[in-house]
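Single-structure report; data block below.
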Amino acid sequence: MPELPEVETIRRGLEPVLVGQRIQRVEQRRADLRFPFPENFGKRLTNRTVVSLQRRAKYMLAHLDDGTVLIIHLGMSGRISIVGQGQLGQFTHNQGNRDTHDHVVLRLASGTEIVYNDPRRFGLMDLTTAAALGTHPLLASIGIEPLGPGLTPEYLARQAAGRRSDLKSFLLDQRIIAGLGNIYVCEALFRTRLKPSRAAACLATATGKPNARAAALIPHIKDVLNDAIAAGGSTIKDYTQADGSLGYFQHSFHVYGRAGEPCLTPACRGMVRRTVQAGRSTFFCPVCQR
DNA sequence: ATTGAGTCCTGAAGGC
DNA sequence: TGCCTTCAGGACTCAA
């Protein structure tokens, strides 16, 4: 389920358990995920201490004490569990009891295990260094953070001007905004009352300047992401998951997954519709999104 | 340079 | 119960 808010929620849940800890043992249970693991993957992590855990787009970046950076992407189905002593001190489930899709287990000096599980294996892990992070092939050409200061009406308009793609594909393009996924693009466009099939160029004037649509879209993108992070954060805080899984919280979406159901805009009589754009499901209200 | 289609992989859900 | 099809929160690679 991971989009940016899920990754950020997982990062926040993992941070207090992982940062400052020495990785005592690495259990790598297969040779590849989406890509092969780098050479000596386990060896390079073993006995290293995690100094910080950051997020860039949908990537988690664990900085280690020797300058190594562990890059983790969860793909479509990646999940991370904290097994052992949870944040409230209770043991959550038996260690050593591995699932078929538990691909990597990091055993920490504290005795806690960080378990990476990914049935579809669209996720990945790689190693680089802090110095080389900016030129890493996966990170070098991705766009701005949607929650960062770079997302401005001017930026959106500059990127959108002259494009022939539709709004939905434009916002999903990680080279423009890095971290928006299918759900939150649908939700942000709903909040902005913009039809996903509209041309991306509708965010700019003829001279490439931002217009009212670009200005309106930005706070909706930020709000929908921040709302989801806030919802996830409370779940982590309460630590309600019996198995220690992170990022399983429920969201209430306005359009995503609601095809055939009534639009939630007050007084709107529309029905949420599902279409396909760029091979991905799009959900929108044809009445109030124009 | 952009854009769209195909691709990786497993599991859940729904139809018959 | 079982077999089949469709769909899934991502994003790389390649062809046009």
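Every chain is numbered from 1 and lettered A, B, ... according to where its sequence line falls, protein lines coming before strand lines. Excluded from the calculations below are hydrogen atoms, water molecules and symmetry mates; all remaining heavy atoms, backbone and side chain alike, are included.
Residue A:Thr282 holds its OG1 atom at 6.0 Å from CG of A:Asn182, rounded to the nearest 0.5 Å. In this structure, CZ in A:Arg12 is found 8.5 Å from CZ in A:Arg55, a value given to the nearest 0.5 Å. To the nearest 0.5 Å, atoms CZ (A:Arg11) and CZ (A:Arg56) are separated by 14.5 Å. For the atom pair CZ (A:Phe170) and CZ (A:Arg163), the distance works out to 6.0 Å, reported to the nearest 0.5 Å.
With sequence neighbours left out, the salt bridge (Lys or Arg N to Asp or Glu O under 4.0 Å) criterion links A:Asp32 to A:Arg30. Applying the side-chain contact (heavy atoms from CB on, under 4.5 Å) test to A:Thr152 and every residue at least two apart in sequence or in another chain returns A:Glu154, A:Tyr155. A:Asp223 pairs by the side-chain contact (heavy atoms from CB on, under 4.5 Å) definition with A:Arg191, not counting sequence neighbours. For the ring pair (Phe, Tyr, Trp, His ring centres under 6.0 Å) test, no residue two or more places apart in sequence or in another chain qualifies with A:His136. Remark: A:Lys58 pairs with A:Val7, A:His73, A:Gln174 by the side-chain contact (heavy atoms from CB on, under 4.5 Å) rule, at least two apart or across chains. With sequence neighbours excluded, the residues that form a side-chain contact (heavy atoms from CB on, under 4.5 Å) with A:Ala216 are A:Thr192.
Here the separation of B:dA5 from C:dC7, taken at their P atoms, is 15 Å to the nearest Å. Comparing the P positions of C:dA11 and B:dA1 gives an interatomic distance of 24 Å, to the nearest angstrom.
Atom CD1 in A:Ile72 sits roughly 16 Å away from atom C1' in C:dG10 (whole-Å rounding). Computed from coordinates, the A:Leu74 CG to C:dG10 P distance equals 11 Å when rounded to whole Å. Between the C1' atom of C:dG10 and the CG atom of A:Leu139 lies a distance of 15 Å, rounded to the nearest Å.
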Item checked: Pairing annotation in dot-bracket form, given for DNA chain C with Watson-Crick or G-U pairs under 3.5 Å and | for cross-strand partners -> .|||||||.|||||||

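Along DNA chain C, the nucleotide nearest A:Lys58 and the nucleotide nearest A:Phe283 are compared for position; the residue whose nucleotide lies closer to the 5' end is A:Phe283.
For residues 162-182 of chain A, proximity to DNA chain B is found at A:Arg163, A:Arg164, A:Ser165, A:Arg175, defined as any non-hydrogen atom under 4.0 angstrom from a strand atom. Contact check of residues 151-159 of chain A against DNA chain C (heavy atom, cut-off under 4.0 Å) returns no residues at all.
Using a 4.0 Å cut-off between charged side-chain N and carboxylate O, A:Asp173 and A:Arg175 make a salt bridge.
Using a 4.5 Å cut-off between side-chain heavy atoms of Ile, Leu, Val, Met, Phe, Trp and Tyr, A:Leu133 falls into a hydrophobic cluster with A:Phe35, A:Tyr59, A:Leu61, A:Val69, A:Ile71, A:Leu124, A:Leu138, A:Leu139, A:Ile142.
Sorted by first and then second residue, the salt bridge (charged side-chain N to carboxylate O under 4.0 Å, His left out) pairs with a member in residues 206-215 of chain A form an empty list; sequence neighbours excluded.
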Margin query: Using a 4.0 Å heavy-atom cut-off to protein, can you give one letter per nucleotide of nucleotides 5-11 of chain B, 5' to 3': B if the base is in contact, S if only the sugar-phosphate is, - if neither?
Written below: ---BBBS

